[in-house]
Amino acid sequence: MPFLLLYNSLKHMQKFYGGMNLQMPYDFASIESKWQERWNNAHCFESHTDTSKEKFFCLEMFPYPSGALHMGHIRNYSIGDVLARFLRKNGKNVLYTIGFDSFGMPAENAAIKYKTKPHDWTLSNIAYMTEQLKRMGYSYDWRREAITCLPEYYRWNQWIFLQMYKRGIVYQKEAPVNWCSTCGTVLANEQVVDGGCWRCGTPVTKKNLKQWFIKITDYAQELLDDIEKDLNPGWPRRVRIMQTNWIGRSEGARLSFKIPELDYELEAFTTRFDTVYGITFIALAPEHELVRKMQEKMTPEDAQKLAEFVKKVSSQTSIERSDAGAEKLGYKTPFYGIHPVTGKKIPIWIANYILIDYGTGAIMGVPAHDQRDFDFCRKYGIPIIPVINPADGTKLDGAAMPHAFEEDGIACNSGQFDGLPTAEAITKMIDWGEREGICKREVNFKLRDWLISRQRYWGTPIPFVYCDKCGVVPVPEDQLPVRLPEDVEVKEVGHSPLLDLPEFLNTTCPHCGGPARREADTMDTFFCSSWYFDRYCSPGDTKAPFEKSDVDYWMPVDQYIGGIEHACLHLIYARFFAKFLTDIGLTKYREPFTRLLTQGMVIKDGAKMSKSLGNTVDPTEMVKKYGADTIRLFILFAAPPNNDLEWSDRNVEGTHRFLNRVWRYVEDNAEKLKEYGTKIIAMNELKDSKLRDFKRKIHTTIRDVTHDIYDEKQFNTAIARLMELVNAVYSLNDDTPEAWELKREAVDVLLNCLSPFCPHITEELWEMLGHQDMLSLAAWPVADGESLVQDSVTVVVQINGKVRGKFERPAGLGREELQAGILAEKFIQDKISGKDIVKVIVVPDKLVNIVVKG
RNA sequence: GCGGGGGUGGCGGAAUGGCAGACGCGCCAGACUUAGGAUCUGGUGUCAUAGACGUAGGGGUUCAAGUCCCCUCCUCCGCACCA
């Protein structure tokens, strides 16, 4: 009775407040927290290494703890959780957890702005975001969480870095590096996007600094080869192509020009050795080492002019300098190089369009067959000599050509090689050049070594010290971690706070025991994210970054989910790490991520949700209003994972309505459903065609949902199938015991199949129906073959390809039988009377197409 | 410029070469209501009377094309002086 009163008053409230559309027939808030607590107490989602079981490692790109989750995170993790829950229910030993990529610049900026400390700011963000994640009901094994800014984690960054040093793939070099003045630090090549800083967009300039590099280029070929060998088809084509282009392999030859006046041999790389006879100039990057040597031999006035030119070019930002439309600037030096084939004197220029860090930083200029060289020569009046004519017989004229001829053709003006088609010319001329000692076959990559030094505080200290006596000395492994001081005030001083901390900087040399200084630069945070998944396998290990047996069992990741923006950053670094760790015997997989899913952006009002555009939707608010289940379901239903997803408040309500519909049905019919929950009626026991159809619907739903989730990762259609099942349940107006047994079967299947998407409401209803087990751990239903078989089928009849009728037929009729029966139909007879049947196409159980004439 | 996706109702989106538009949103009508922005039922590509036309546009292959082939347009994304 008290319950009834409450219920009625709720109904009244609904009358008055229902208009606000927030009155919930089901109390998602308490249901969701109830089940989150139960899962936690039952340790349901904790996984253990167990080689007797088939594993599945489901991984999501872990977040940067910026303060709060955004919808992009919610989307990413909702996709992952569905897969994790689905596979768990399908008997896999699932590793599914999360962590925080918690080093990096924003913490320093926030520390200045809010007068706090990066450490405190970061950890409090992590605490808040952890609450948000828990509130969403994701089935993480929280014991495995990895937080990269804690010494327990970053000490292994240092350790791995030292292993790389030992193997000779870590080195220090003074080089012109990408500099972001806003961030006050250098950037790796991959972090320069459209000539600007990937983080803040500031145009990047070059700066000469001594920095730490990792020789990722040693792995260029393998990184390239394995894209097609191991990542096809598990990775999206788009990402494979992006990485292939980024690595940028090209085959060609290296040749050299003697410069007698400077006693120097200048090397250049070309992919078009067949055009050597067309060389009319040589061009160097302004940063080339030869520039200094030239200046020494020039008159002071000329040297000064050259210096000014170099200064002008190098002060250009990379956008100004490398934009395809940018003006080509050159400076003619008084020096000549000797053409290696013809022996002619070739003038040497310095040009802004030559890049110091590709090839040798010098080129052979062939204006007739390279548009860039062509533009340059037209501007400075350098001669143009064609050495290839088009295959159609046209003869090119260097003085009259409107643009460079870059296509293949027939060699000319090339001595003994005249008449050869381009492909053959390239091979034969390089063969000849190698025999004559003029050139050498060479492969070049666009990929550069990974610059990992950052002039910042909030990162992993690079474990090296500088000793006046011993030089650069690695910190011994047993002295790790080199701890980052946490109690530090960050100020806007333009350099790392570590430089102002004598207690950090001053140390003793591990080698000689004398006074020494620590390296004050920290590591690029992409170092942290290159192996965190290994740590997930073996969390809390204090003796090693991870236990080999754990990693051998769990790795590689079976499904990785994240944004496309990491295609050429994180996803290349992590692949490189995998290869390195395997090479030193720590692991045995060579590719870390077997399958990759790149989810689309979350869009609102036609633009990516972002704080700067002010079009964000706060997940926490949405969860408060509709519950986690609704938000999860909406985000998975609104679009397939790889598409962009348009946020729609209306559709959120629609999704919420669907869950209410499910709730209402089960609650309103709970007694009946429980009463009849005892047996499954087999298909062959059912006579009524309506009931047989209903039974079939249950099982086709299982079949289709399973396929959509696992094979297609097409969650929107899986959810649509479940909505159809709900509609079917509502529509079955049959009060017989048989019907109730079936309805009970349908509801059980519905709740089970819906549970990966909406784990809370389904657990609650599952329990309401008297189940003793936890739905999250209950086995996924199996479609019963017999129940899938159709009794009858609708056969579409076409005449000349146009639909003219539909007929019910028993399933499984043979071609002839089906054709004869259809042709005998009076309706069809009437349609084709007086015409000749040319041909009849029969697709059993589906279609008959009658081709007629006349 | 090069490379890769896309283009289907009012909207998000479905369709192993075989009934285009599943499912949802929205909209329309009705029911229950004092009331409805709740719920339920029905309808909803376009034009029309039968029927025709419809998947960016044009051509082709096929008994049959949103789906395969060729051309064009539009759009999004990535790379962009890489020798």
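Lettering follows sequence order; numbering is per chain, from 1.
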Q: Kindly say whether the aromatic ring centers of A:Y573 and A:W450 come within a distance under 6.0 Å.
A: yes
Q: Between A:R657 and B:G26, is there a contact of a side-chain N or O with OP1 or OP2 at under 4.0 Å?
A: yes
Q: What residue among A:R804, A:K831, A:R809 forms salt bridge (charged side-chain N to carboxylate O under 4.0 Å, His left out) with A:E825?
A: A:R809
Q: Just the rounded figure in Å: distance from C1' of B:C25 to CG of A:L645.
A: 14 Å
Q: Rounded to whole angstroms, how far apart are CG on A:N643 and P on B:A14?
A: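 Value for this atom pair: 6 Å.
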Q: Assess whether one donor atom and one acceptor atom, taken from the side chain of A:R721 and the base of B:A22, lie less than 3.5 Å apart.
A: yes
Q: Starting from C1' on B:U16, measure out to CG on A:D708 and report it in whole angstrom.
A: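 So the two atoms are 13 Å apart, to the nearest Å.
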Q: What is the distance from CD1 of A:I635 to C1' of B:G24, rounded to the nearest Å?
A: 16 Å
Q: Is the distance between the ring centroids of A:F281 and A:F376 under 6.0 Å?
A: yes
Q: Under a 4.0 Å N-O cut-off, is there an ion pair linking A:E667 with A:R664?
A: no
Q: Looking only at side-chain N and O atoms, does A:T655 come under 4.0 Å of OP1 or OP2 in B:G24?
A: no
Q: Can you check salt bridge (Lys or Arg N to Asp or Glu O under 4.0 Å) on A:R441 and A:E251, steps first, answer last?
A: CA-CA 8 Å; A:R441 273 203 167 69; A:E251 288 178 14; over 6 Å; no
Q: Is the backbone of A:R75 close enough, under 3.5 Å, to the side chain of A:S78 for a donor and an acceptor to pair up by distance?
A: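 The answer is no, because no donor-acceptor pair under 3.5 Å joins these two groups.
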Q: Do A:Y665 and A:Y730 have ring centroids that are under 6.0 Å from one another?
A: yes
Q: Using only heavy-atom distances, decide whether a donor-acceptor pair under 3.5 angstrom links the side-chain of A:K839 to the base of B:U62.
A: no
Q: Report yes if at least one side-chain N or O of A:R664 is closer than 4.0 Å to OP1 or OP2 of B:A38; otherwise report no.
A: no
Q: Determine whether a donor-acceptor pair (one donor, one acceptor, N or O, separation below 3.5 Å) exists between the side chain of A:K806 and the base of B:C19.
A: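 Answer yes: a donor N or O sits under 3.5 Å from an acceptor.
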Q: Taking only N and O in the side chain of A:N245, is any of them less than 4.0 Å away from OP1 or OP2 of B:C2?
A: no
Q: Scan side-chain atoms only and decide if A:Q371 and A:D373 contain a donor-acceptor pair under the 3.5 Å cut-off.
A: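 Result is no, nothing qualifies.
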Q: Counting only N and O atoms by type, is there a donor-acceptor contact under 3.5 Å from the side chain of A:K608 to the main-chain atoms of A:M601?
A: no
Q: Produce the list of close N/O pairs, under 3.5 Å, pairing protein atoms with atoms of nucleotides 5-11 of chain B; give distances to one decimal.
A:
{"residue": "B:G5", "atom": "OP1", "partner": "A:R237", "partner atom": "NE", "Å": "3.0"}

Q: For a quick check, tell me whether the side chain of A:K846 and the base of B:C19 share a donor-acceptor pair closer than 3.5 Å.
A: no
Q: Can you run through RNA chain B from 5' to 3' and write each base as (, ), [, ], | or . depending on how it pairs? Watson-Crick or G-U wobble, both distances under 3.5 Å.
A: (((((((..(((.....[....)))((((((.......))))))(((...)))..(((((..]....))))))))))))....
Q: Which whole-number value in Å describes the distance from A:K802 NZ to B:A20 P?
A: 10 Å
Q: Looking at A:Q714, does any N or O in its side chain come under 4.0 Å of the phosphate oxygens OP1/OP2 on B:A14?
A: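 Yes.
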Q: Return the value, rounded to whole Å, for the distance between atom CG of A:D375 and atom P of B:A80.
A: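 Going from A:D375 (CG) to B:A80 (P), I get 19 Å.
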Q: Check nucleotides 27-33 of chain B against the protein and report each pair of N or O atoms closer than 3.5 Å, with its distance, or say if there are none.
A:
none

